[in-house]
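Only one structure is covered here, and it is reproduced in the block below.
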Amino acid sequence: MTQSSAADRVFEVGKRRGFFWQSYEIYGGLSGMYDLGPYGAAMKENIINEWKYYFIRRHQEIMAEIETPIIGPEIVYAASGHLESFTDPIVTCQNCGRKFRADQLIEEVTGDKVEGKSNDELSRIIREKNIRCPICGGELGEVKSFNLLFKTQIGPYEGSNGYVRPELAQGMFLNFKRVYGVMREKLPLGLAQVGRVGRNEISPRQGMLRLREFTIMEFEFFFDPQEPGHEKYLERVKDKTLRLISAEDRLSGRSEPRKMMLSEALETGIIKTPWLGYWMVVSQEFIRSLGVPEENIYFEEKLPEERAHYSRQTFDQLVKTERWGWVEVAGHAYRGDYDLSRHSLYSKQDLSIFRQFEKPFIMKKKVVKVNRSILGKLFREKAGEIEGALTSMNPEVLKDLVNERREIEVNGFKVPTEAVVIEEVEERESGRKVIPHVVEPSFGVERLLYVVMEYGLKEKEDRLILSIPPRLSPFKIAIFPLVNDERLEGMAKRIFEELKQSGIPALYDDSGSIGRRYARADEVGVPFAVTVDFRSIEDGTVTVRYRDSWEQERIGASEVAEFLWKKLAH
RNA sequence: GCGGCGGUCGUCUAGCCUGGACUAGGACGUCGGCCUUCCAAGCCGGUGAUCCCGGGUUCAAAUCCCGGCCGCCGCACCA
C-alpha cells in the first residue's frame with residue numbers, strides 16, 4: 001500500500017486545526033502517545049457520549065457505570081493471568097545487546113512450533129540447538145519474559161509492586177458482587193467503565209491506531225448461563241444482519257464475511273452465546289451512528305491460538321480504513337466464568353451469587369441418625385469417630401444392614417442396630433449458587449476518533465469539509481454577521497450569548513469574508529451556521545446554512561436553540 | 001526489534017545529489033487594518049523555521065559521514 005491521501009489529510013487537519021498530535025513534541029516526540037487538542041478532546045467526549053447512549057442509557061435497567069483505579073496491586077494481575085500471559089519471551093545477545101523474540105527466533109531456525117513453552121524450556125532449546133544471534137553471531141543469554149504491563153511501585157517500600165491496568169475488566173470483576181448488591185441482586189447485569197489503560201507495546205506504529213496509553217470503553221456483562229434472560233432483548237434484533245467470518249470459515253480459507261441474521265448465527269452455533277450476539281448487533285448500530293456504512297464493518301472470529309488467555313470465543317469488530325485496511329475497533333469476548341473464578345481462588349472470597357428459585361425445590365432424602373446416648377455409653381471417647389463413620393455411609397446400604405443384622409461393624413467396632421436410625425427428611429433447595437458468565441465488548445476510543453475523522457473528511461471544491469455526524473461535532477453551530485456592520489454584529493453576538501447561556505457549544509466569527517468563515521467552520525465539522533444579514537434586523541429572521549449541502553433556510557432568530565435540539569436528537 | 005524510505009516556519013513544500021552567495025525561499029494559514037449584502041475574492045502590514053537531536057569531516061554543513069530519536073511501509077503483536 002502506498003501513501004494514501006485520506007490518512008494524510010486526517011493527520012494534517014488533525015494537527016493544523018488542533019484535534020490531535022504526537023505527545024512530547026518539543027522533546028522530539030514519544031512513540032505511542034498522543035495529545036488531544038480542544039477539538040479532539042470535545043470530539044472524544046462526544047464519541048463516549050454516543051457510546052453511553054447506545055449501551056448504557058438505552059439499557060439502564062441492566063447496566064451500571066463505575067470507575068476504578070488505573071494502578072492495581074500485583075495480586076490482581078497474578079489472578080487475572082496478565083503477569084503470566086501478557087508477555088513475550090525475549091532473549092538478549094551477550095555480544096551486541098540486541099533483543100529478539102525468543103519463540104520467533106527458535107521457530108525461524110528450527111521450524112518447530114514452540115508457542116506456549118516456558119522460558120527455561122526455550123533457553124534449553126537455544127543451548128541445545130546452539131542458536132546464536134542472527135545479526136552478529138554472538139552468544140545469547142537466558143530467555144526472559146518481556147511483560148507488556150507497565151510496572152511501578154506503590155508507596156516507598158520495595159516489593160510493593162503495582163501495575164497499570166492493560167484493560168478495564170479487572171475493576172469490574174473485583175467490584176461485581178458489591179455492585180450486584182447495590183443493583184438489587186438482579187441478573188443480567190453489565191458493569192461499564194470508560195478509562196485509560198497502558199500497554200508497554202514493543203513497537204507502536206500507525207499514528208493514533210496503536211498507542212501505549214489509550215482510552216477504552218468497555219463493559220462486562222454478567223449473566224446466569226442457565227438462565228441468561230436475553231429473550232426480551234433479542235426480540236428487537238434477532239432479524240438484524242451481521243457481517244461475519246467464523247473461525248471455521250477462516251480455516252477453510254474464506255476471507256469474505258458472510259451476511260447473516262443474528263438468529264441464524266445463534267442457531268448454527270457460530271456465535272456461542274446469545275448475549276454476545278445481542279451486543280454485537282448493538283455495536284454495529286453504534287459504529288454506524290459514527291458515520292461508518294454497514295458494508296465497511298464486519299466481525300471476525302479469532303482462532304483459538306489467537307485468543308487471549310481468558311477467552312472462550314472472541315470476535316474482533318473491524319472497520320475499513322483507507323491506509324491501514326481493516327482495523328479492529330472493538331473486541332467482543334466471551335470470557336465465561338474465568339475471571340470471577342480466578343479472583344475467587346486468589347482472594348479466597350466467594351464471588352458466586354445465590355439465585356433464588358421461583359418456588360423452593362423440595363427433595364426427599366434419607367439421612368443417617370444415631371442415638372448418641374447409646375454410642376456414648378458403649379464407646380466413650382471413640383463415640384465421635386464412630387458417629388462420623390456411620391453418618392458418612394450410604395443411607396440405603398446402611399438401611400439394608402440394619403434390617404438384616406443386629407450389629408454393624410464400623411472401624412473395627414461392633415455397633416448395635418438400635419443405635420442407628422435411617423430417617424427420611426425433606427430438604428428445601430430455595431436457590432442455587434452461580435458464578436455468572438461474562439460477555440465483554442471493548443472499544444478503543446482513539447481508534448474510533450481516527451475512524452470518525454477519516455470517514456468524515458470530504459473534499460468539496462478544493463475545500464476540506466469535516467462531514468461528521470452533528471452529535472460528534474466539537475461545535476454545534478457557528479454565528480456570523482454577514483458583514484462587519486455594528487448592527488449585524490450586535491445581533492449576532494446576542495444570539496451567540498443566548499446559545500452560550502443554554503450550554504450549546506457555539507462559535508462566533510467575524511474575521512475575513514463570509515465565505516472564509518463558512519470554510520473555517522466546515523473544516524472543524526460545525527454542522528450548522530447562522531448568518532445575520534440586514535433582513536434579520538428588519539424581521540428577526542436569520543439564515544441557517546447546512547455544512548454538508550451548503551443549502552440555506554430562514555428561521556426566526558429566537559428559534560435557533562430549538563432548531564438545534566431537533567437536529568441533535570437521537 | 002529487524003529491513004526499506006523519510007524528517008526544513010502552524011501546514012504543505014523549495015533547497016540536499018554537485019558543501020560557500022541561505023541573513024534558509026514560496027504558498028496557504030494565522031494576527032492587525034482596509035474593503036466586502038452569502039461560500040477560503042482583493043489590497044496593505046505583521047507573525048512565524050532548534051533545517052529532528054548529538055557527534056564527526058571541512059576554512060565552511062540544511063547539504064557529506066556516524067550514532068540516536070521520531071514517522072511511514074513490510075514482519076510480529078494488539079482495542
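- For the residue pair A/Ala529 and A/Tyr518, the shortest heavy atom distance occurs at CB-CE2, 3.8 Å.
- Using cut-offs of 30° and 60° on the angle between ring planes, the pair A/His82 and A/Phe86 is perpendicular.
- Between A/Phe299 and A/Phe315, the angle of the ring planes goes over 60°, which puts this pair in the perpendicular group of the 30/60° scheme.
- Picking from B/U30, B/U36, B/A79 the nucleotide with the shortest atom distance to the side chain of A/Asn484 gives B/U36.
- Following rounding to the nearest Å, A/Ile514 (CD1) and B/G42 (P) show an atom-to-atom distance of 17 Å.
- If you take atom C1' in B/C53 and the same atom in B/G4, they sit 22 Å apart, rounded to whole Å.
- Side-chain rings of A/Phe286 and A/Phe443 approach one another, their centers coming within less than 6.0 Å.
- Two residues are said to be in side-chain contact when any heavy atoms from C-beta on lie closer than 4.5 Å; A/Lys15 and A/Glu25 meet this criterion.
- Using a 4.0 Å heavy-atom criterion, one finds that A/Ile26 contacts the bases of the nucleic acid, with or without backbone contacts as well.
- Going from the C1' atom of B/C17 to that of B/C65 covers 15 Å, rounded to whole Å.
- Between A/Glu551 atom CD and B/C39 atom P there is a gap of 15 Å when expressed in whole angstrom units.
- Taking atom P in both B/C35 and B/G54, the straight-line distance is 49 Å, to the nearest Å.
- Look at CD on A/Gln22: it is 12 Å from C1' on B/G7, rounded to the nearest Å.
- Ring planes of A/Trp324 and A/Phe11: perpendicular class, angle over 60° (limits at 30 and 60°).
- As judged by a 4.0 angstrom heavy-atom cut-off over every strand, A/Asp485 is placed among residues making no nucleic acid contact.
- For B/C69, the base has no donor-acceptor partner in the side chain of A/Tyr27 [N/O atoms by modelled type, under 3.5 angstrom].
- If A/Val483 and A/Lys302 are placed on RNA chain B by their nearest nucleotide, the residue sitting closer to the 5' end is A/Val483.
- Taking 3.5 Å as the limit, the base of B/C12 and the side chain of A/Glu12 contain no donor-acceptor pair of atoms between them.
- Remark: P of B/G71 and OH of A/Tyr24 are 14 Å apart, rounded to the nearest angstrom.
- Of the two residues contacting RNA chain B, namely A/Arg520 and A/Arg307, the nearest-nucleotide position lying further toward the 5' end is that of A/Arg520.
- A/Leu148 comes within 4.0 angstrom of no nucleic acid atom, judged by non-hydrogen atoms across all strands.
- With a cut-off of 3.5 Å on both Watson-Crick or G-U wobble distances, the partner of B/C22 is given as none.
- Straight-line distance between the C1' atoms of B/G19 and B/A61: roughly 6 Å, to the nearest whole Å.
- Pair check for B/C64 finds B/G56; Watson-Crick or G-U wobble, both atom distances under 3.5 Å.
- Across all strands shown, A/Leu482 has heavy atoms under 4.0 Å from base atoms, whether or not it also approaches the sugar-phosphate.
- Here the nucleotide nearest the side chain of A/Ser513, chosen from B/U36, B/C70, B/C78, is B/U36.
- When distances run from any side-chain atom of A/Phe534 to the nucleotides B/A40, B/U37, B/C78, the shortest one goes to B/U37.
- At a cut-off of 3.5 angstrom, the base of B/C70 holds no donor-acceptor pair with the side chain of A/Ser31.
- Here the nucleotide nearest the side chain of A/Arg16, chosen from B/C38, B/A79, B/G10, is B/G10.
- A cation-pi contact links A/Arg312 to A/Tyr334, judged by a cut-off of 6.0 Å to the six-membered ring centre and 45° from its axis.
- With A/Asp522 as the fixed residue, the salt bridge (charged side-chain N to carboxylate O under 4.0 Å, His left out) test singles out one of A/Lys458, A/Arg17, A/Arg545, A/Arg547: A/Arg545.
- Remark: B/C38 base-pairs with no nucleotide; criterion is Watson-Crick or G-U wobble with both hydrogen-bond distances under 3.5 Å.
- Using cut-offs of 30° and 60° for the angle between ring planes, the A/Trp51 and A/Phe219 rings count as tilted.
- Residue side chain A/Arg463 reaches the base of B/C39 through a donor-acceptor N/O pair under 3.5 Å, judged by distance alone.
- Taking the C1' atom of each, B/C9 and B/U47 are spaced 10 Å apart, rounded to whole Å.
- Under the Watson-Crick or G-U wobble criterion, with both distances below 3.5 Å, B/G6 is paired with B/C70.
- Between the C1' atoms of B/C73 and B/U11, the separation comes to 23 Å (whole Å).
- Look at the P atom in both B/C28 and B/C66: the space between them is 39 Å, to the nearest Å.
- Summarising the geometry, the separation between CG on A/Asp533 and C1' on B/U36 is reported as 14 Å, rounded to the nearest angstrom.
- No contact: A/Leu488 has no heavy atom under 4.0 Å from any strand.
- In this model, the phosphate group of B/U11 is not approached by any side-chain N or O of A/Arg9 to a distance below 4.0 Å at OP1 or OP2.
- Rounding to whole angstrom units, CG of residue A/Asp8 and P of B/G6 are separated by 16 Å.
- A gap of 34 Å separates the C1' atoms of B/G10 and B/G3, to the nearest Å.
- For A/Arg516 against B/C38, a side-chain-to-base donor-acceptor contact under 3.5 Å is absent.
- Between the side chain of A/Arg545 and the base of B/C39 there is at least one donor-acceptor pair of N/O atoms closer than 3.5 Å.
- For A/Phe19 and A/Tyr34, the ring centers are positioned 6.0 Å apart or more.
- Residue A/Arg535 is out of contact with every strand shown, counting any heavy-atom pair closer than 4.0 Å.
- Checking the phosphate oxygens (OP1, OP2) of B/C72, no side-chain nitrogen or oxygen of A/Trp324 falls inside 4.0 Å.
- Residue contacts for A/Glu523: at a heavy-atom cut-off of 4.0 Å it reaches a base atom on one of the strands shown.
- No contact: A/Thr215 has no heavy atom under 4.0 Å from any strand.
- Residue A/His82 contributes atom NE2, which lies 12 Å from atom C1' of B/C78 at whole-angstrom precision.
- Listed nucleotides: B/C70, B/U37, B/C78. Nearest to the side chain of A/Leu30: B/C70.
- Both geometric conditions, a ring-centre gap below 5.5 Å and a plane tilt below 30°, are fulfilled for A/Phe214 over the base of B/A79.
- For B/G32, the paired base is B/C44 (Watson-Crick or G-U wobble, both distances below 3.5 Å).
- Proximity of A/Gln552 to the phosphate of B/C38: no side-chain N or O atom is located under 4.0 Å from OP1 or OP2.
- Counting to the nearest Å, the C1' atom of B/C78 and the CZ atom of A/Phe443 are 16 Å from each other.
- A donor N or O paired with an acceptor N or O is not found under 3.5 Å between the base of B/A79 and the side-chain atoms of A/Glu446.
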